[in-house]
Amino acid sequence: MKIVTVLGARPQFIKAGPVSREIRKNHEEIIIHTGQHYDANMSDIFFTELNIPKPDYHLNVGSGSHGVQTANMLIQIEEILLKETPDYVLVYGDTNSTLAGSLAASKLHIPIVHVEAGLRSFNKKMPEEVNRILTDHVSSFLFCPSDTSVKNLKDENITKHVYNVGDVMYDAVRYNQDIADKSTILTDIGAASKDYYLITVHRAENTEDRERIENILAAFSRIEGTKVWPIHPRTKNKLLSYGIDLDKIPGLKVIEPIGYLDMLCLEKNAKKILTDSGGVQKEAYFVQTPCVTLRDETEWVETLKDNANVLVGANTEKILEAVQLTCDSDYPPIFGSGNTSEQIVKILSDNQ
């Protein structure tokens, strides 16, 4: 098989690691990096850390509105697909890169493989929700991470070539956990295991709404102890534009974006994680660290059982209450057994 893989954002690099390794055992892979995440700490480092081959094409789309980003990607991806004539175009998740890759392939009648299909937040104000719905409806192979995502597709009359193969991020965590345990990040930032909260905030629904971000920060100010925040460049710039000074929050350690292995180490050693990231919610589950999700809904509803993950939105009091909750979960293996990548490549090969 010849597969063109389209990547553009941090979670996609992580997911691509185990799948690329499996593809390249017997098949050819061409990687397109759209440049949607263009900060070196948000993209290039993942290729190095996760042993993903360097991209064959780098589109350098950078920042811009959703329309501008997607259009620029679409034009360039179409040119590459016409040149490479692959058997499949493989896309991950729900970013603008996902949608652009899917649209380009669909217009050229190239079968689309969607890894992490069937997720739904049921909130179409989220650009990610629109991206994932459109991608699912044009895909030829839909690889789902859970029974819930299979059901979501069935509810939309998508039943052909739908497979529950588990979550490729679990493959990545299992593969990289021992390496991450050797990270020196805790020493580097002066934090002790199980003695800090880990924070990530980047979604537009929080950062673009001043009232929401201020409510979230009010909760952070009242949480006692050390709080570590590898801050997203866009979030940092937004807070600066609001005139918000994070130095006024007691116990807060703001650090630059870090690599995947350092992040995995921080997640495993945190006493609790506060995030609005879908990927971090799952990683928290995989390393068995309780999570507080700063959103009004989550695609990962399976993680909500027994307070393994608690939805709080941007409500200051709910955030504080969730931080104090005891997690009673035994973290059952609801996202597969860690062989998702093998299943994906075998299914595609069998259908050639």
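Along the sequence shown, the residues carry numbers beginning at 1. What you are looking at is a predicted structure, and each value in this text was computed from that prediction instead of being measured.
- A salt bridge between Arg120 and Asp155 is absent, with no side-chain N of the basic residue lying under 4.0 Å from a carboxylate O of the acidic one.
- The line from CE of Met73 to CG of Asn60 is 11.0 Å long, rounded to the nearest 0.5 Å.
- Every residue meeting the ring-ring contact (aromatic ring centres under 6.0 Å, His included) condition with Phe143, not counting sequence neighbours, appears here in chain and number order: Tyr163.
- The environment of NZ in Lys194 is crowded: more than 12 heavy-atom neighbours from other residues, nucleotides or ligands sit within 6.0 Å.
- Interatomic distance, CG of Asn176 versus CG of Leu264, reported as 7.0 Å (0.5 Å rounding).
- Residues Ile75 and Ile110 fall into different hydrophobic clusters, defined by Ile, Leu, Val, Met, Phe, Trp and Tyr side chains chained together at heavy-atom separations under 4.5 Å.
- A heavy-atom distance below 4.5 Å is found between the side chains of Leu198 and Met263.
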Just do the salt bridge (charged side-chain N to carboxylate O under 4.0 Å, His left out) check on Glu214 and Arg210 with the steps written out, would you? CA-CA 6 Å; Glu214 286 182 343; Arg210 182 162 185 162; 2.9 Å; yes
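- A donor and an acceptor atom, one from each side chain of Glu267 and Thr289, are nowhere located under 3.5 Å apart.
- Inter-residue side-chain proximity for His33 and Phe13 is flagged as met; some heavy-atom pair is nearer than 4.5 Å.
- Applying the ring pair (Phe, Tyr, Trp, His ring centres under 6.0 Å) test to every pair with at least one member in residues 98-132, sequence neighbours left out, gives no pairs at all.
- Between Trp300 and Tyr285, the distance separating the two ring centers is not shorter than 6.0 angstrom.
- For Asp181 and Gln177, the side-chain atoms include at least one donor-acceptor pair closer than 3.5 Å.
- Minimum heavy-atom separation, Gly118 to Asn152: O-ND2, 2.9 Å.
- Looking at heavy atoms from C-beta onward, Val91 lies in side-chain contact with Val89 at the 4.5 angstrom threshold.
- There is a path of hydrophobic side-chain contacts, each under 4.5 Å, that joins Leu320 to Val323.
- Between Lys25 and Glu29, no side-chain nitrogen of the basic residue sits less than 4.0 Å from a carboxylate oxygen of the acidic one, so the salt-bridge criterion is not met.
- In plain terms, the two heavy atoms of Thr85 and Leu82 that are nearest each other are CG2-O, 3.5 Å.
- Under the side-chain contact (heavy atoms from CB on, under 4.5 Å) criterion, Glu224 pairs with no residue at all, not counting sequence neighbours.
- Across every non-hydrogen atom of Asn215 and Ala314, the tightest pair is CB-O, 3.0 Å.
- Ile249 is not listed as a side-chain neighbour of Val254, based on a closest heavy-atom distance of 4.5 Å or more.
- Defined by atom type and a distance below 3.5 Å, a donor-acceptor pair is present between the side-chain atoms of Asn339 and Ser337.
- Residues Val292 and Gln281 fail the side-chain proximity criterion, which asks for heavy atoms closer than 4.5 Å.
- Atom-to-atom distance recorded for Glu211:CD and Ile216:CD1 is 11.0 Å, nearest 0.5 angstrom.
- Taking CG from Asn123 and CZ from Arg295, the interatomic distance works out to 8.5 Å, rounded to the nearest 0.5 Å.
- Using a 30° and 60° split on the angle between ring planes, His202 and His232 fall in the parallel class, below 30°.
- Linking ILVMFWY residues whenever their side-chain heavy atoms come closer than 4.5 Å, directly or via other members, leaves Ile112 and Val162 in distinct clusters.
- Side-chain atoms of Glu283 and Met169, non-hydrogen and from C-beta on, do get closer than 4.5 Å to each other.
- Contact check for Ile77 versus Leu59: side-chain heavy atoms found under the 4.5 Å cut-off.
- Of all the heavy atoms in Asp296 and Leu311, the pair that sits closest is O-CD1, 4.1 Å.
- Here the two rings, on Tyr170 and Phe335, have centers that are 6.0 Å apart or farther.
- Sorted by first and then second residue, the side chain to side chain donor-acceptor pair (under 3.5 Å) pairs involving residues 86-99 (not counting sequence neighbours) are Gln12-Thr95, Gln12-Thr98, Thr34-Ser97, Gln36-Ser97, His66-Asn96, Gln69-Asn96, Tyr88-Gln352, Asp94-Arg132, Thr95-Thr98, Asn96-Asn131.
- In plain terms, the two heavy atoms of Ser349 and His27 that are nearest each other are OG-CE1, 4.0 Å.
- For the 3.5 Å distance criterion, the side chains of Ser121 and Glu297 fail to qualify, holding no donor opposite an acceptor.
- Between the OG atom of Ser139 and the CG atom of Leu142 there is a distance of 5.0 Å, given to the nearest 0.5 Å.
- By the 4.0 Å N-to-carboxylate-O rule, Arg203 lies too far from Asp209 to be salt-bridged with it.
- Hydrophobic clustering of Ile, Leu, Val, Met, Phe, Trp and Tyr side chains at less than 4.5 Å, counting indirect connections, keeps Ile158 apart from Leu119.
- No more than 12 heavy atoms of other residues, nucleotides or ligands lie within 6.0 Å of NZ in Lys305, so this atom counts as exposed by the packing criterion.
- Looking at heavy atoms from C-beta onward, Val68 lies out of side-chain contact with Val61 at the 4.5 angstrom threshold.
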Before giving the answer on side chain to side chain donor-acceptor pair (under 3.5 Å), spell out for Glu84 and Tyr57 the whole-Å C-alpha distance, their side-chain angles and the decisive distance to 0.1 Å. CA-CA 11 Å; Glu84 296 289 350; Tyr57 298 92; 2.5 Å; yes
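- Annotation: side chain to side chain donor-acceptor pair (under 3.5 Å) contacts involving residues 311-331, sequence neighbours excluded, comprise Arg222-Glu317.
- Screening residues 11-21 for salt bridge (Lys or Arg N to Asp or Glu O under 4.0 Å) gives Lys15-Glu116 as the qualifying pairs, with residues at least two apart or on separate chains.
- Here the NZ-CG distance, from Lys272 to Leu274, works out to 8.5 Å after rounding to the nearest 0.5 Å.
- Ion pairing between Lys107 and Glu78 fails under the 4.0 Å rule for side-chain N and carboxylate O.
- Residues Leu294 and Leu252 fall within the same hydrophobic cluster, defined by Ile, Leu, Val, Met, Phe, Trp and Tyr side chains chained together at heavy-atom separations under 4.5 Å.
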